[in-house]
Amino acid sequence: MGKRRRVAERRRTHRPAVIGGMVAVVVGGAGFAGYVLYSGGAAAEDRTSSTAASADEKPKVKTGPLSATEVNTTTRTFLTSWQQGKADRAAAVTSDTEAAAKLLTGYTKDAHLKDVTLTPGTPTGGKVPFAVKATVSYKGTSKPLSYDSSLTVVRNTTTGKPQVDWHAAVVHPDLKDGDTLVTGESGTPPVKAMDRDGGEITTEKYPSLGSVLDGLREKYGKKAGGKAGVELQVVRGKESKKAKLSDKTLLELSKGTPGTVKTTLSPTLQAAAEAQVAKRAQSSVVVLRPSTGEILAVANANKGFNVAFQGSLAPGSTMKVVTSSLLIEKGLASADKAHPCPKYFTYGGWKFQNDDKFSIKGGTFKASFARSCNTAFISQAPKLENDSLTEQAQQVFGLSMNNWAVGVPTFDGSVPVQSQAQMAASLIGQGAVRMNPLNMASVSATVESGVFRQPYLVSPDVDGRTLAKASRTMSSGTLSQLRELMAYTAAYGTAAEAMQGVYGNVGAKTGSAEVDGQKKPNGWFTAYRGDLAAAGVVQAGGHGGDTAGPIVAALLKMGS
C-alpha cells in the first residue's frame, strides 16, 4: 500500500495542474521559470483567489510599492506589444486603454511608422526610460527616426495590478494628451523667418526659438507663398489648442518651398538673451521697444514651451506697478506722502505680512514701493471696488483682454474680478492674477512711453492685423509719480543691486511669487532703460532681484 501511494504521488507531480478552469504548464530552462497560460486569463486568477476565501470575504487588493518584477514585466509586455504592432494588447496594460489604443494604432496607420524597435533602459522606481528607433515611410519616401521617451508603471488602486500610467507623452515626449502623430503632405508650408536685419532665424543659431518658428509657420505659412512638403507632425488636439500650442514638425521627409516672413527680432539682443537664459535653469526673458511695441528678443531656458509668451504665472510684486498707478489715480497713495506699512494686515479673513515680517514706520509710499511692502498695498483693499484692478489693467495697460495680435500665439495676462482676500492678494500679484515676461515687459514699456502699445513680432503691415489698444492713458501726474517710484527702486530699492551700471532714464521693480508645493518662489524683474523695456522670470529661483534681475539688466545695458 505504501509503495503504491508513493508512486501515485510521484505521477501527480507530472500532470498539468487545473487551476480554476485554467491549465498551467510549468516551463523550465536555464535560470528561467514561467507559466504558459491556456484560457481563463486574469479572470481565472480571480476565481482561484476567490475559491480560497469564504463566500462573504472580498478578494484582497494588493497595495504598497511595486516590485522590480512588476515594473519589468509590465514594461516588457507594453513595449513588446507596441513593437509588434499589437496596439490593443499594449493598451490593455495601461491606465487608459481607449486613449492608448487609439494613439498606438495611429502610430502605424496615421504616422506611417514601421520597423519599430523599443529598447528599455534602467528603471528608477516605477519610471522606465526607453529608446525608440523606427522608419517613417510615406508614398515611397522613407527616413529613419530615433528619439528617447519614458513610461511610469503604477499600481491600479482598484485592482492592485501594475499598469502603465498613460499619457500621450509615452509615445513621444512632444505629445500632449489629445494630440496625434500624422505623416503626410503638410497643410501648412514652411516659412523662412528673418530678423530685423535680414538674417535667417534658425534653432541652430537661436535654440529657444523653436516654438516661435512653429507659431510663425502656422500663422504665415500659406500667406507667405510657400509650398508644403511631406512631414511627420504633432497635430494638436483640443486641449493643446486651448493652450495655444502650435503643430510641431518632428521629421521632414521631403522639403517644401518656404515663404519668407520678416520679424522684429534684433540679432544682437536675441543672441544675448539666449546666452543669458542658458546660465540659469527655468529662466525666460523678453525685450521690447516701448516707442513702437516691437519685440526685440525672446528666450527661454526650457526649449519645450515658450514661457516668455505663453506662460501663465503669478507675477508677484512686479504687479505693484499696475496697482500703484491705480492707487495714485484714486488718491489713495502719493509718492512722497506718508503711507502705512505695518508688519501685518488682515483682510477677508487672511492675515498678510511682509517678507521677513518687516514694517516701515512713518515712511512714504515711495519707500514702501522700493522695499516692496505688501501691507502698504493690502491695506488699501477696503477702499477699492472688486473690479478696480481689473479695469486698471485692461483700460490703461491693455492686459487681460485676450486680444493681442503679436504674430504668434501668446497669453495676454489675466486679472479676473475677485473679492475679499483674493482681491487683496491680487494687488500684490498673487491670487488669480497671471502674467508672463511678455506681459510684464509691456507694463514697463507702458510706463516708459506713457501709452500702451501692443507688443508684436511681425509687423501688422504684413497681413493687415489690427493691434490691440488701451481705452485710456494715465494722467501726466500719475505717470510722473509712477516713473519716480520705479526710478527710486532701481537706484535705492530692491532692484538696486541688479541695476548697477544701468544708466540713463531707468526704472525697475522686483517680484517674488509664492507657488504651492514649491520651496522657492518664482523670481520676477521688470525694468526699462531709454527705449528698451524688458522683463524676466526664473521659476523656483528665489527673489527676483537676485535671479531674473541680472538677466534683464544685462540686456538693458546693451543700449536703447
Side-chain angles (χ1 to χ4, degrees), residues 315-348 350 352 354 359-400 413 415-431 433 440 442-452 470-490 492-494 507-509 511 526 528:
S317 292
T318 55
M319 190 65 186
K320 290 174 182 173
V321 176
V322 178
T323 306
S324 295
S325 72
L326 168 67
L327 298 181
I328 294 170
E329 277 193 348
K330 290 188 173 294
L332 299 176
S334 183
D336 294 316
K337 288 186 178 179
H339 196 88
C341 175
K343 185 180 296 185
Y344 304 105
F345 191 86
T346 300
Y347 186 73
W350 285 16
F352 296 89
N354 300 315
S359 63
I360 302 175
K361 295 181 180 180
T364 62
F365 183 59
K366 182 163 62 177
S368 290
F369 183 93
R371 196 169 171 185
S372 207
C373 175
N374 291 331
T375 58
F377 295 82
I378 300 295
S379 64
Q380 306 307 303
K383 305 169 190 175
L384 297 170
E385 301 296 329
N386 289 338
D387 62 355
S388 293
L389 186 65
T390 302
E391 289 187 353
Q392 189 76 2
Q394 292 177 338
Q395 295 174 6
V396 176
F397 292 90
L399 296 165
S400 192
V415 188
V417 176
Q418 297 178 283
S419 61
Q420 295 298 312
Q422 289 287 345
M423 184 272 275
S426 68
L427 299 176
I428 58 172
Q430 297 278 177
V433 176
M440 296 316 301
S442 178
V443 167
S444 279
T446 298
V447 176
E448 195 284 329
S449 69
V451 61
F452 166 72
S471 61
R472 64 185 180 87
T473 59
M474 288 177 277
S475 68
S476 59
T478 298
L479 180 60
S480 176
Q481 289 192 60
L482 197 55
R483 288 171 175 167
E484 182 181 349
L485 295 177
M486 292 186 70
Y488 187 78
T489 303
Y492 306 106
T494 56
K509 184 70 187 79
T526 184
Y528 61 81

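Values below: every heavy atom of this structure, side chains too, minus hydrogens, waters and symmetry copies. In this chain, residues are counted from 1 in sequence order.
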Engineer: Can you tell me how far CG of Asn354 sits from CD1 of Ile360, rounded to the nearest 0.5 angstrom?
Structural biologist: 7.5 Å

Engineer: Would you say that more than 12 heavy atoms from the other residues, nucleotides or ligands in this model lie under 6.0 Å from the OH of Tyr344, or not?
Structural biologist: yes

Engineer: Out of curiosity, Gln392 CD to Asp387 CG, how far, rounded to the nearest 0.5 Å?
Structural biologist: 11.5 Å

Engineer: If I take atom OG1 from residue Thr375 and atom CG from residue Leu427, how far apart are they, to the nearest 0.5 angstrom?
Structural biologist: 12.0 Å

Engineer: What's the spacing between Lys330 NZ and Ser325 OG if we round to 0.5 Å?
Structural biologist: 10.5 Å

Engineer: OG1 of Thr318 to CD1 of Ile428: how many Å apart, nearest 0.5 Å?
Structural biologist: 11.5 Å

Engineer: Please answer whether the main-chain N or O of Met440 pairs with a side-chain N or O of Thr526 as donor and acceptor at a distance below 3.5 Å.
Structural biologist: yes

Engineer: In the structure I gave you, are the side-chain heavy atoms of Pro315 and Val443 within less than 4.5 Å of one another anywhere?
Structural biologist: no

Engineer: What side-chain donor-acceptor pairs closer than 3.5 Å can you find for residues 332-342, not counting sequence neighbours?
Structural biologist:
{"from": "Ser334", "atom 1": "OG", "to": "Gln481", "atom 2": "OE1", "distance (Å)": "3.2"}
{"from": "Asp336", "atom 1": "OD1", "to": "Lys366", "atom 2": "NZ", "distance (Å)": "3.1"}
{"from": "His339", "atom 1": "NE2", "to": "Ala376", "atom 2": "O", "distance (Å)": "2.8"}

Engineer: Would you name the heavy atoms of Ser324 and Leu485 that are closest together and state the gap between them?
Structural biologist: CB-CD1, 4.0 Å

Engineer: Mind checking whether Tyr347 and Pro382 have side chains closer than 4.5 Å, heavy atoms only?
Structural biologist: yes

Engineer: Using a strict threshold of under 4.0 Å (side-chain N to carboxylate O), is an ion pair present between Arg472 and Glu329?
Structural biologist: yes

Engineer: Does a donor on one side chain and an acceptor on the other come within less than 3.5 Å for Ser372 and Lys320?
Structural biologist: yes

Engineer: Between Ser480 (side chain) and Gly477 (backbone), is there a donor-acceptor pair under 3.5 Å?
Structural biologist: no

Engineer: With heavy-atom distances below 4.5 Å as the criterion, would you say the side chains of Phe345 and Ile378 are in contact?
Structural biologist: yes

Engineer: What do the steps show when you test Thr473 against Leu479 for side chain to side chain contact (heavy atoms under 4.5 Å, CB included), and what is the final call?
Structural biologist: CA-CA 9 Å; Thr473 59; Leu479 180 60; over 6 Å; no

Engineer: Mark yes or no for whether Gln430, through its side chain, and Ala425, through its backbone, hold a donor-acceptor pair below 3.5 Å.
Structural biologist: no

Engineer: Tell me if the centroids of the rings in Phe365 and Phe377 come within less than 6.0 Å of each other.
Structural biologist: yes

Engineer: Keeping Arg483 on the side-chain end and Val447 on the backbone end, is there a donor-acceptor pair under 3.5 Å?
Structural biologist: yes

Engineer: In residues 415-422, what donor-acceptor pairs under 3.5 Å come from side-chain atoms, sequence neighbours left out?
Structural biologist:
{"from": "Gln418", "atom 1": "NE2", "to": "Gln422", "atom 2": "OE1", "distance (Å)": "3.3"}

Engineer: Could you report the tightest heavy-atom contact between Val396 and Met474, atom names first, then the distance?
Structural biologist: CG1-CG, 3.6 Å

Engineer: Please give me the minimum heavy-atom distance between Ala424 and Ala381, naming the atom from each residue.
Structural biologist: CB-CB, 3.9 Å

Engineer: Looking at every non-hydrogen atom in both residues, tell me the closest pair between Leu327 and Gln380 and how far apart they are.
Structural biologist: CD2-CB, 3.8 Å

Engineer: Hey, what do you get for CG (Leu482) to NZ (Lys509), rounding to the nearest 0.5 Å?
Structural biologist: 11.5 Å

Engineer: Considering all heavy atoms of both residues, which atom of Thr489 and which atom of Ala370 are nearest to each other, and what is their separation?
Structural biologist: OG1-CA, 3.3 Å

Engineer: Can you give me the closest heavy-atom contact between Ser444 and Met486, atom names plus distance?
Structural biologist: OG-CE, 3.7 Å

